[in-house]
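What follows is a set of notes on a single structure, which appears directly below.
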Amino acid sequence: MHRQSPRVWLPALLLPLAAQAENASYQAEPLVVTGSRYQASSWRLPFSVNRIDAEQATLGKPGVNLSEALGSVPGLVVQNRQNYAQDLQVSSRGFGARSAFGIRGIKLLADGVPLSNPDGQGQAATFDLDSLERIEVLRGPFASVYGSNSGGVIQLFSRDGEGAPRVSLDTSQAAFGTSRTRVAVEGGNDQAGFILNRSHFETDGYRDHSGAILDKTFAKLTLYPDDASKLSLSFSQLDQNDTQDPQGLTWQQVQDDRRAAAPSAVAFDTRKTVDHQQLALNYERSFAAGTWQSTVYSGTRRAIQYQSIPVAVQANPSHSGGVIDFERRFHGIGNRWIQPFDLGASLLTLTAGLDYDQSRDDRQGYENFVGSTLGVKGNLRRDERNEVSSLSPYLQAAWQLGKLDLQAGLRHNQVKFEVDDRFLSNGDDSGAVTYRELTPTLGASYALLPELNLYASWGKGLETPTLNELSYSGAGGGFGFDLQPATSKQLEIGLKARLAEATSLQLALFQIDTDDELVVASASGGRTRFQNAAQTRRRGVELAMESQLSETLRATLAYTRIDATYRQDFTSGGRLIEAGNRLPGIPASTLYGELAWQPREGFSTALEGLYRSKLYVEDSNAAKAAPSYTLFNWQARFEQTLGALTFNQVLRIDNLLDREYIGSVIVGESNGRYYEPGPERAWYVGAGVQYRFD
């Protein structure tokens, strides 16, 4: 298919801008902190950053998964596995697509506290969407200012309690035996604010053996000791007991029964239990010279996971068993000083900071059988302590020179892994490895017109192996101390434009060249080994547009096109993977659109659509690719006020046209069980009431 050159259509795109008067009035761009560490207009920042406010992210939606909120962000692929034992699958510009569970390659932060371990592995399920104020998503070179996360940064911010005290109660019922209840109380004044939120979610699951129960608690106390300081103390907890894991299916199994669980999942009763607790303190104080910001956090995470590893494989003396049982203690601190310098005709802002994060796992492995009984904890096969720590100083500079904005950053990343093996009958995996890397970033933006900003940025990225990827990647299935981090060079150019007073547009073109890409070396016996084997290139374009078409009608559009390929041959699992093959798990095209209509106060409705092209499932690109699909979702929300009471009702239908599709894939799964089917047409009904104490 012939593609038009950007030189043909780009001037046409800019013609409406040049025709507008320079003194036209526009709404101010929302302030963001992602990538800049201080509040700045996203309009002036020389990189791709999107802000999603709570109303757009949560209204008319179940409030269970982060996937509900991120569809309008180009560059992101958020796939709901319909498997609460493995969390969401999120990739950004292709980074993170190979993750078999959780989120990697993307830094997750909630109120400045990492939801990602120092090794880069993160979980989104711990965040409470009910208390959301906004989400900021950064892609591109400047993601490296946050550490080992080449794909980007997703920051979630909870709101501060403010206004008259109020109590809320919500309940919902949905398809597949799904229900959720929530109770919350919040309020505040000039001296203090508070939020307390508790939710209970349970589902039978779309597929067999995919039931889950999640209980979440979030509490936040905000204090304002004086006009120059702010102190926030927050607590979060996730209880997730015996969440079933249906695992992936082969293509033939999908055709036979797309709602089935893998036979091995049923036989071994694969499941996961998580108990996560975290306490965090944020402090900010403004001085005459600058601003001091500090974040301190600590927590524990207990997880027990039952896997479906064949008994004969577990019986191998060198194997660590089919039950993972660990207790993690983690803590960290982040401090930064933000210093502005008024230079008369320009403003220079310097930020200097230091991040320290540590996690320590007391980890055991057990056989997932006793005699002929499967799915029960058996003999001890692994006993070790795993410690991961990260120490990273950084310096950033932002210089505003009239129409020109310059940004630069430098971060020194140091990530250390230590293993103390206390179960020596199958060999000693004790040892340590430390990764160190400097990651510089440079960027510039220029206001060519009052309604048009052009920008360019460059940077180096780093992605260390995770603890899980290191665990079995050494000789004989031992710890892979020789595994190297993937390093990348990223270049991005783009524009930010206002096509009219109510329409904004962002366009970004990017290229990412990566050395020592981490790829699957082999996957068998329930263990995946990784290797540094390939150079890769990711090239793409991202387009985001928001328009208030009228007083009652709003439109949102996000498009991503990415060409992600291997640039050299390598061998994986005894097979030759040729240069030019597509990286698996990354759709070449993604298109999202939403049309929202609010004809009057108290009623709104929206129709959203999502197109995703096919997904290759392994490196050779020979296995059946997950087909492309298009989905439509519809929702309506009603609200009534009666004195101090406010009532709301929500009706939602997902997969409106009842399409069959593969919701996500497990990249490189050794048994060919790559496919995780998405649900058929599904309904959702919710209602709530809020009482306000005026």
Side-chain angles (χ1 to χ4, degrees), residues 10 14 16-51 136 138 140-146 227-230 284-293 335-353 393-411 439-460 490-501 503-509:
L10 189 56
L14 302 182
L17 302 175
Q20 295 181 32
E22 286 199 6
N23 60 357
S25 62
Y26 296 100
Q27 295 180 351
E29 286 292 316
L31 296 177
V32 301
V33 299
T34 302
S36 60
R37 300 280 187 174
Y38 64 95
Q39 286 197 342
S41 168
S42 61
W43 175 256
R44 302 183 68 105
L45 295 175
F47 44 79
S48 295
V49 60
N50 292 79
R51 170 172 166 155
E136 295 176 9
L138 164 67
F142 273 80
S144 64
V145 302
Y146 285 87
D227 292 340
S229 59
K230 175 182 174 182
E284 179 174 344
R285 182 171 180 83
S286 298
F287 298 88
T291 302
W292 174 261
Q293 297 174 347
N335 291 310
R336 71 187 64 91
W337 176 261
I338 302 171
Q339 177 70 62
F341 295 93
D342 188 348
L343 305 179
S346 65
L347 176 65
L348 176 65
T349 303
L350 297 180
T351 303
Y394 59 87
L395 179 67
Q396 293 174 249
W399 197 3
Q400 296 181 13
L401 294 151
K403 295 182 178 181
L404 178 66
D405 279 56
L406 302 175
Q407 290 233 5
L410 183 66
R411 183 182 180 103
T439 51
T441 53
L442 295 170
S445 68
Y446 183 75
L448 186 63
L449 298 170
E451 60 276 4
L452 173 63
N453 260 27
L454 304 179
Y455 72 88
S457 57
W458 170 91
K460 292 185 66 176
Q490 303 196 27
L491 177 65
E492 177 181 330
I493 59 173
L495 61 84
K496 300 176 184 181
R498 301 180 178 104
L499 302 182
E501 285 195 27
T503 301
S504 63
L505 178 145
Q506 291 187 44
L507 177 69
L509 290 83

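Computed from heavy atoms alone, side chains included, the values below leave out hydrogens, waters and symmetry copies. Sequential numbering from 1 along the given sequence is applied to the chain's residues. This is a predicted model, so every value here is computed, not measured.
Of all heavy-atom pairs between A289 and P340, the closest is O-CD, 3.4 Å. Across T291 and S286, no two heavy atoms sit closer than the pair OG1-OG, 3.8 Å. Closest non-hydrogen pair, W43 versus A497, comes out as CZ3-N, 3.6 Å. Nearest approach of G459 to P141, heavy atoms of both residues: N-CB, 3.5 Å. Here the shortest heavy-atom pairing between A456 and I493 reads CB-CG2, 3.8 Å. For the pair A397 and L350, the tightest heavy-atom approach, listed with the atom from each and the gap, is CB-CD2, 3.5 Å.
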Checklist entry - Step by step, would you call V145 with Y394 a side-chain contact (heavy atoms from CB on, under 4.5 Å)? => result CA-CA 7 Å; V145 302; Y394 59 87; over 6 Å; no
Checklist entry - Taking it one step at a time, do Y455 and N453 satisfy side-chain contact (heavy atoms from CB on, under 4.5 Å)? => result CA-CA 7 Å; Y455 72 88; N453 260 27; over 6 Å; no
Checklist entry - Hey, mind stepping through R51 and S42 against side-chain contact (heavy atoms from CB on, under 4.5 Å) and telling me if it holds? => result CA-CA 9 Å; R51 170 172 166 155; S42 61; over 6 Å; no
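Here the straight-line distance linking atom NZ of K403 with atom CG of L448 works out to 8.0 Å at 0.5 Å rounding. Distance CD1/I338 to CD/Q396: 9.0 Å, rounded to 0.5 Å. Separation of atoms CG (L348) and CD (Q400) is listed at 10.0 Å; rounding is to 0.5 Å. Expressed to the nearest 0.5 Å, how far CG of L406 lies from OG of S445 amounts to 8.0 Å. To the nearest 0.5 angstrom, L495 atom CG is 15.5 Å from Y446 atom OH. The CG atom of L491 sits 7.0 Å away from atom OG of S457, with the distance rounded to the nearest 0.5 Å.
Atom CH2 of W458 sits in a crowded spot, with more than 12 heavy atoms from other residues, nucleotides or ligands closer than 6.0 Å.
In this structure a side-chain-to-backbone donor-acceptor pair under 3.5 Å is present from E492 to S48. Looking only at distances, no side-chain donor or acceptor of T441 sits under 3.5 Å from a matching main-chain atom of F142.
At least one side-chain heavy atom of N335 sits under 4.5 Å from a side-chain heavy atom of W292. For the pair R411 and T439, the minimum side-chain heavy-atom distance is below 4.5 Å.
Among residue pairs with one or both ends in residues 38-49, those qualifying as salt bridge (charged side-chain N to carboxylate O under 4.0 Å, His left out) are R44-D405; sequence neighbours excluded.
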